[in-house]
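Lettering follows sequence order; numbering is per chain, from 1.
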There are 2 protein chains.
Amino acid sequence: MNDQIGRGRPQLLFLTDEQLRKGIEAMYFAYRGFTADPDRILDQRGYGRAHHRALHFIHQSPGTTVNNLLSTLGVTKQSLNRVLRTLIEEGLVEAQVGTRDKRERHLHLTPSGAALERDLSEVQRERMRSAYREVGPEAVRGFRMVLEAMMDPDMRRQFNRMKESEE
Amino acid sequence: MNDQIGRGRPQLLFLTDEQLRKGIEAMYFAYRGFTADPDRILDQRGYGRAHHRALHFIHQSPGTTVNNLLSTLGVTKQSLNRVLRTLIEEGLVEAQVGTRDKRERHLHLTPSGAALERDLSEVQRERMRSAYREVGPEAVRGFRMVLEAMMDPDMRRQFNRMKESEE
DNA sequence: TTGGAATGTCAACAAGACTGACATAAAATC
DNA sequence: GATTTTATGTCAGTCTTGTTGACATTCCAA
């Protein structure tokens with residue numbers, strides 16, 4: 001550790017375990033705030049976070065397959081299936097049998113699914129927007145850099161793939 | 001919205017809904033990374049995230065009461081009680097009946113509880129340390145600012161109270 | 001001193017994750 | 001053409017962690 005003295009990155013010496021611990025706690029409390037608003041909306045409609053995640057990623061990658069979604073979300077098919085079944089039954093998501101490969105189901109949001117997704121993401125965006133406004137663009141850049149550096153390499157790749165396909 | 005042009009904070013005009021959406025996603029993936037390491041340790045020992053949270057906050061505020069912990073964690077007392085019971089039964093946490101008010105239980109980590117807490121927080125700190133190293137101290141400052149700005153006001157107060165009592 | 005408030009415990013239930021087993025249909029391979 | 005692999009769906013059962021309701025204990029104030 002001490003071999004960093006006078007050799008570069010000296011600032012890092014100021015990050016004590018206790019300071020890192022506060023970072024951990026900040027992450028915990030911030031994530032709770034981050035999910036609080038959509039949770040309220042979901043609760044009213046009888047859905048949970050699992051439904052939110054499915055809606056989010058179907059919105060982001062329309063026509064994605066069940067298997068794709070599975071690996072993005074990192075849950076089992078049984079778990080995802082329960083959620084998808086209710087979303088399809090209640091007309092928020094549509095599953096189209098693939099044309100090239102008929103085993104696949106391509107997932108899309110229906111208008112009412114898109115409407116709920118919009119409501120959910122809007123409250124979340126609003127919280128983020130107001131946080132961003134409070135701290136300024138320089139802090140936001142730092143925020144995004146740290147978040148990305150904290151992801152597992154697999155997720156980070158996936159995250160960046162999705163980012164590219166959009167720009 | 002447009003009234004901001006030429007009046008300050010013009011940068012914020014570049015934060016489109018899609019960019020905010022990517023921020024949301026980054027938060028989701030980063031949180032998964034953030035919990036992945038301790039989850040593995042917990043799993044081996046047959047505990048869950050709820051146990052981790054209890055250990056963390058008892059470590060941070062030794063002698064805290066069940067009620068205190070309740071409001072910090074934002075769960076019902078029944079839910080916390082189940083977790084506390086197993087931690088006490090297995091000798092990781094000690095509950096001392098209050099001397100002034102015998103209704104209260106003051107919670108402390110035993111040596112083995114402190115050891116597990118250290119293991120859990122160490123892997124989490126290590127992830128954070130390496131992310132911080134990757135992006136540099138300026139980005140870290142921004143990260144912390146955004147996290148704090150995203151918390152609900154109540155949690156933010158609590159977070160800052162705990163921060164003070166330490167410095 | 002007694003009744004209400006505060007604190008904590010026990011029991012039962014629900015959501016949503018998991019594993020394992022199995023079914024079906026389609027595609028790919030031999 | 002037969003066989004294997006892949007994609008998806010379903011049933012059953014378990015676990016964690018949240019919930020509510022009922023209850024015991026303790027404290028305090030009227």
Close N/O contacts between protein and nucleotides 27-29 of chain D (under 3.5 Å):
| residue | atom | partner | partner atom | Å |
| --- | --- | --- | --- | --- |
| dC27(D) | OP1 | Lys102(B) | N | 2.8 |

Protein and nucleotides 11-16 of chain C: nitrogen or oxygen contacts under 3.5 angstrom:
| residue | atom | partner | partner atom | Å |
| --- | --- | --- | --- | --- |
| dG16(C) | OP1 | Gly48(A) | N | 3.4 |

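Protein atom CG of Asp43(B) is 13 Å distant from nucleotide atom C1' of dT19(C), rounded to whole Å. Residue Ile88(B) contributes atom CD1, which lies 11 Å from atom C1' of dT9(C) at whole-angstrom precision. As rounded to whole Å, 18 Å separates atom P of dT16(D) from atom CG of Leu73(B). Between the CG atom of Leu70(B) and the C1' atom of dA6(C) there is a distance of 12 Å, given to the nearest Å. Asn81(A) has its CG atom 16 Å from the C1' atom of dG20(C), to the nearest Å. When rounded to the nearest whole Å, the span between CZ of Arg105(B) and P of dA24(D) equals 16 Å. In this entry the distance linking CG of Leu87(A) with P of dG9(D) reads 13 Å, nearest Å. When the P atom of dT7(C) is taken as reference, atom CG of Leu69(B) falls 14 Å away, rounded to whole Å.
Taking only side-chain nitrogens and oxygens, Thr76(B) comes nearer than 4.0 Å to OP1 or OP2 of dT19(D). Considering only side-chain N and O atoms, Asn67(A) lies under 4.0 angstrom from the phosphate OP1 or OP2 of dT8(D).
For the residue pair Thr35(A) and Arg49(A), a side-chain donor N or O sits within less than 3.5 Å of a side-chain acceptor on the partner. With 3.5 Å as the limit, one finds a donor-acceptor pair spanning the side chains of His56(B) and Glu25(A).
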Item to check | Criterion salt bridge (charged side-chain N to carboxylate O under 4.0 Å, His left out) on Arg156(B) and Glu134(A), from CA distance to verdict | outcome: CA-CA 14 Å; Arg156(B) 193 166 178 176; Glu134(A) 187 179 323; 2.8 Å; yes
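Along DNA chain C, the nucleotide nearest to Lys77(A) and the one nearest to Glu104(B) differ in position, and the one closer to the 5' end is contacted by Glu104(B).
Considering only heavy atoms from C-beta on, Glu104(B) stays 4.5 Å or farther from Val97(B) through its side chain. Residues Phe57(B) and Tyr28(A) meet the side-chain proximity criterion, which asks for heavy atoms closer than 4.5 Å.
Ion pairing between Arg40(B) and Asp43(B) fails under the 4.0 Å rule for side-chain N and carboxylate O. With respect to Asp17(A) and Arg129(B), a salt bridge is recorded, a charged nitrogen being found less than 4.0 Å from a carboxylate O. Here Arg32(A) does not pair with Asp152(B) in a salt bridge; the nearest charged N to carboxylate O distance is not below 4.0 Å. We find that Glu117(B) and Arg53(B) are not joined by a salt bridge, their nearest charged nitrogen and carboxylate oxygen being 4.0 Å or further apart.
For Thr65(B), whose side chain is taken as the heavy atoms from C-beta onward, the closest listed nucleotide among dC10(C), dA17(C), dG8(C) is dG8(C).
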